[in-house]
Enquirer: 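Sending over a structure as structure tokens; questions will come in a sec.
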Amino acid sequence: MRERGFVFSLDACLAVLVMMIAVAGVARLEPWGRPGYGYLKLERGAWDALNALDGMGVTRYVIDCLNNKQTAEAGRAARENLITLLPPGVGFRYTVGTEDNLLLEVYRDNSENWRGRWENAGERALALHLTCEFIRTVENLDVLVWADDDQDRWFASQVIKPGWTYRMTDEENTFVAYLENRVEPNWYPDVVFLPDVSVYWSDNTLSTLNNYLMWKIVTGGREVGGGAVAGGDTLWSNRRDPWTRLWGIPIWLSPYGQFLLMFGISPNPFSSDPGIVRLMGSGYGPYGERMELVDLTHYVTTGLPFTEVPYQGDTYYQYVYETSPILRPWLRTLGRWENCENENITWPGLLVREAAVNLGLPWFGITLRFMERTALFNVRMAQSSYDSGFDGVEREEWVTLAQRCLEWASRQKAELQPIALYVWREGG
Amino acid sequence: MSRGQVLTLDMFLALSLTALLLSYSGLVMGMVHTRAREEVSRYSLERVASDAAEALVRTGGIPENWESLPSSLKVLGLSGDSGLSVKKLAVLRDLCRSENWDPSREEVQAVMRLFGGQNFELRILTRNLLVRKDVKGLSYTLQTTLWGVGVYVRLENLGPVVRATVRLERGGTVKSETEVGGTFSMVVSLPPLTVEVVADGKTVGVWYEAVIWDIWPGWNLGGSSGWENSPEVAVARRSLPLTSGEIRNMVENRRHYARPDPYTLPFLVKPGELGLFDWYVVLSPSSPNKPTTDVWVNRSGGNPDFHFPWDNLFPMWYHGQKGSQQQPLTEEDNGGNPNNYLTLKVTGSKWEYVDVLVVAVPRCSSPELAYQADLLLPGALEVRVWR
């Protein structure tokens, strides 16, 4: 047999194959040096950026802006600080809220195909923070309204927004039943609206309302209770004689005393009208008959197109409240009246009280609430708005303020919101 | 016939291939070995830089309060209540100063252990946005001074493209660059300041970055750490909020009421701190040259040591030396109570006021830091190590 053609034999092919494998192996040496190291840098960079945002107060600022519906400003602050903190060439997506309900979404430059860029990036990382005390704008509020005259009913109908549901009553038993969720099992109020209660409620009604506004420990993930917005005669018409109470139960332990405290008013046992003075008419009413909004940084007052609200103080009462020193840290005066009789006194026109304690222990399924949010107007805004004295100008303004108060005081508010930062190397 | 096959061409080819394969295998093994060694070396260097940066920003060191007694230092850490601790930075900076750097000292060895030797440099930087504008209708000029560097920025929309000009000037040295395009990134640097312009087609952003502190073994003003001469350098950078100094005491809203009453502002300089910090009086007045303010240091009469509106930043102790005031500062122990004081006298209308701050910044820092001691700045720590 002739041995020619050896070069093309199986042995030679095998030899060439071995060499090619060796050559290919050398060519592929480059990438196996540092697997995952760039990812580590990127991940640390993302965490640093989120921590630095917290440390510099930017996260708090972003949340405040979102609470005040200043989404553009929140986005600007987040974007500019993240660009400053993250290295050039690193793309990012910063989000506040869950993916199905994003409250803020910010990119380095543009949002086009961010998911594609994120998924195709050679190196990418995700850092996640959880923040709390965030107000979600409420689209589907359930409002329980006490309305005992035509003006109240008309005003409430103006305040209820599309998408909100409401139950309106002027009957105590029904009111109590709604608060205790005994009427419609699937309907429970997020907030109670008391524009001008002209009825002397029983202690039972007051106690039930206090329970609704007071602390709750709930297991099983279902929350009960909520906040309240009150105005007009509500606190006045329910006042009790403090002296009788002094011999029985101290007033601050009575249902009425607790009811006053709910709105941040001091139940003074040494005054014949505990914590409240009622005034009307020329010389007693407010200067210029306008309430001035003095704190425009609150959810209720921010971004409004007006800073003064007219009121027909010569025709309708208003109430001077003595605020509780104990609750003062939780109280904010959003609107004030100038008193023409005594320039040194300014009357609170719109008082809001933050929730005094608001603890969540989600890992045990427990929610602890103590004194829900309340808002208190010191005027009969329903009556004044119904009256045509200001050609409808005041009506819209009081309605807007009441709507904002209901949103703010509703139980659909504080939620843990995740803040996520996705980072990736562009072009990777 | 098969005799003499050993010398045949076939055999020769087979041997050649085998030899080639063997030699190539050897070559490959060598390359693998070399590259692996290089990679491991590079990786370990980057790891040293990265882990050192992690330890510095995440921990306060061991013991936690080592800055009070530097000789007790076991493991270096710089973390403080909010970001980096200015006092720890000042002590480390002092430890690394050329006069103090002595590798035989235990605290110095603790520092070296963290960085794997003496080839390291720490840089503390602040980075911030100067301006960010939409490209549409862009015509913008900025002229200012940052960290002692004159900055001129001009941004213009030229239709389809943007033109950006940056000019930096300091002590007769000028750095200037212009870039034209739709998307670009331009960096102009004149130590300690770097200005970066980034155009992304929709917006143009201008950032500045300034080196606040630069620390390396045996550092001195104007010197260099020497990393430029090394073939292998690793850098790790961590973002964090920064405070540039410590406010030792302050008084707000000093005004002239019925008469210009003198006001005493006490403050404490702890033992050893005169060598660690530069000490300043910073005035923050309500208007550019009002109210008139006289300041005495550790005395309350005679000609004032400092006077506003001549200046609003007064060094009382700088580079380890007394300032221009008559009485020096003291660091003598006063049982933990203030051992120095300022006397202030404010003259003007009752509507004008001045805030007065006593500020300590790490020794030999830029005086500009004293103005910003009450702010949280966006910053970064950069760790550089090399072989």
Side-chain angles (χ1 to χ4, degrees), chain A residues 1-7 9 11-12 14-38 40-41 44-58 76-77 79-89 107-110 426, chain B residues 2 5 8-11 13-14 17-18 20-21 24-25 27-29 31-32 34-36 38-40 42-43 46-47 50 53-54 57-58 81-83 126-129 132 183 185 187 196 198 200-203 205 207-209 236-243 375-381:
Chain A
M1 180 183 156
R2 293 179 63 87
E3 299 283 335
R4 280 191 308 187
F6 175 79
V7 171
S9 71
D11 297 352
L14 280 173
V16 168
L17 194 63
V18 169
M19 285 185 72
M20 285 175 71
I21 289 170
V23 170
V26 173
R28 284 191 55 82
L29 277 180
E30 189 67 36
W32 68 247
R34 294 173 290 153
Y37 188 69
L40 186 66
K41 275 184 168 176
R44 283 182 175 171
W47 279 108
D48 285 348
L50 279 186
N51 285 332
L53 287 184
D54 279 359
M56 293 187 300
V58 176
R76 185 203 62 76
R79 179 184 290 110
E80 290 185 352
N81 281 285
L82 281 169
I83 292 176
T84 301
L85 291 165
L86 289 168
Y107 298 86
R108 179 184 278 272
D109 41 21
N110 63 68
E426 293 281 18
Chain B
S2 296
Q5 190 186 23
T8 62
L9 180 62
D10 293 352
M11 186 62 197
L13 278 172
L17 275 175
T18 308
L20 199 62
L21 189 61
Y24 197 78
S25 300
L27 185 67
V28 166
M29 289 304 290
M31 286 175 72
V32 167
T34 307
R35 189 152 300 184
E38 283 174 4
E39 282 295 336
V40 168
R42 175 80 199 160
Y43 181 73
E46 288 198 3
R47 197 74 211 212
S50 174
E54 174 82 0
V57 301
R58 290 266 174 258
D81 290 337
S82 56
T126 180
R127 180 180 163 85
N128 219 337
L129 180 69
R132 195 156 188 256
T183 59
S185 173
V187 176
E196 184 181 12
V198 179
D200 62 16
K202 291 179 182 169
T203 60
W207 283 262
Y208 75 85
E209 189 171 279
R237 184 180 169 118
R238 306 297 298 265
S239 301
L240 71 180
L242 278 177
T243 46
L375 302 176
L376 264 178
L377 308 169
L381 168 78

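Hydrogens, waters and symmetry mates are skipped; everything else that's a heavy atom, side chains included, is used. In what follows, chains carry the letters A, B, and so on, assigned in the order in which the sequence lines appear, proteins first and then strands, with residues in each chain numbered from 1.
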Enquirer: Would you say Pro378(B) and Met56(A) make side-chain contact, with heavy atoms under 4.5 Å?
Expert: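 Yes, their side chains come closer than 4.5 Å.
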Enquirer: Would you check, one step at a time, whether the test side chain to side chain contact (heavy atoms under 4.5 Å, CB included) holds for Arg108(A) with Ile83(A)?
Expert: CA-CA 7 Å; Arg108(A) 179 184 278 272; Ile83(A) 292 176; 3.7 Å; yes
Enquirer: Using a 4.5 Å cut-off on heavy atoms from C-beta on, say whether the side chain of Arg58(B) contacts that of Asn51(A).
Expert: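 When only atoms from C-beta onward are counted, Arg58(B) and Asn51(A) do touch, with a gap below 4.5 Å.
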Enquirer: Counting heavy-atom pairs under 4.5 Å with chain A, which one of Glu209(B), Arg237(B), Glu54(B) comes out on top?
Expert: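 Ranked by heavy-atom pairs under 4.5 Å with chain A, first place is Glu54(B).
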Enquirer: Identify which part of Leu53(A) has an atom lying under 4.5 Å from any heavy atom of chain B, answering side chain, backbone, both or neither.
Expert: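 Contact with chain B: none, neither part.
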Enquirer: Between Leu240(B) and chain A, which part of the residue has a heavy atom less than 4.5 Å away: side chain, backbone, both or neither?
Expert: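 Only the backbone of Leu240(B) comes within 4.5 Å of chain A.
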Enquirer: Given the options Leu85(A), Asp54(A), Asn81(A), which has more heavy-atom pairs under 4.5 Å with chain B than any of the others?
Expert: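 Most pairs with chain B among the choices: Leu85(A).
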Enquirer: Side chain, backbone, both or neither: which part of Leu377(B) has an atom under 4.5 Å from a heavy atom of chain A?
Expert: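 For Leu377(B), the contact with chain A is made by the backbone alone.
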Enquirer: May I ask you to test the Arg127(B)-Glu196(B) pair for a side-chain heavy-atom distance under 4.5 Å?
Expert: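 With C-beta onward as the side chain, the pair touches.
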Enquirer: Could you check Arg79(A) against Tyr107(A) for side chain to side chain contact (heavy atoms under 4.5 Å, CB included), going step by step and ending with a plain yes or no?
Expert: CA-CA 7 Å; Arg79(A) 179 184 290 110; Tyr107(A) 298 86; 5.5 Å; no
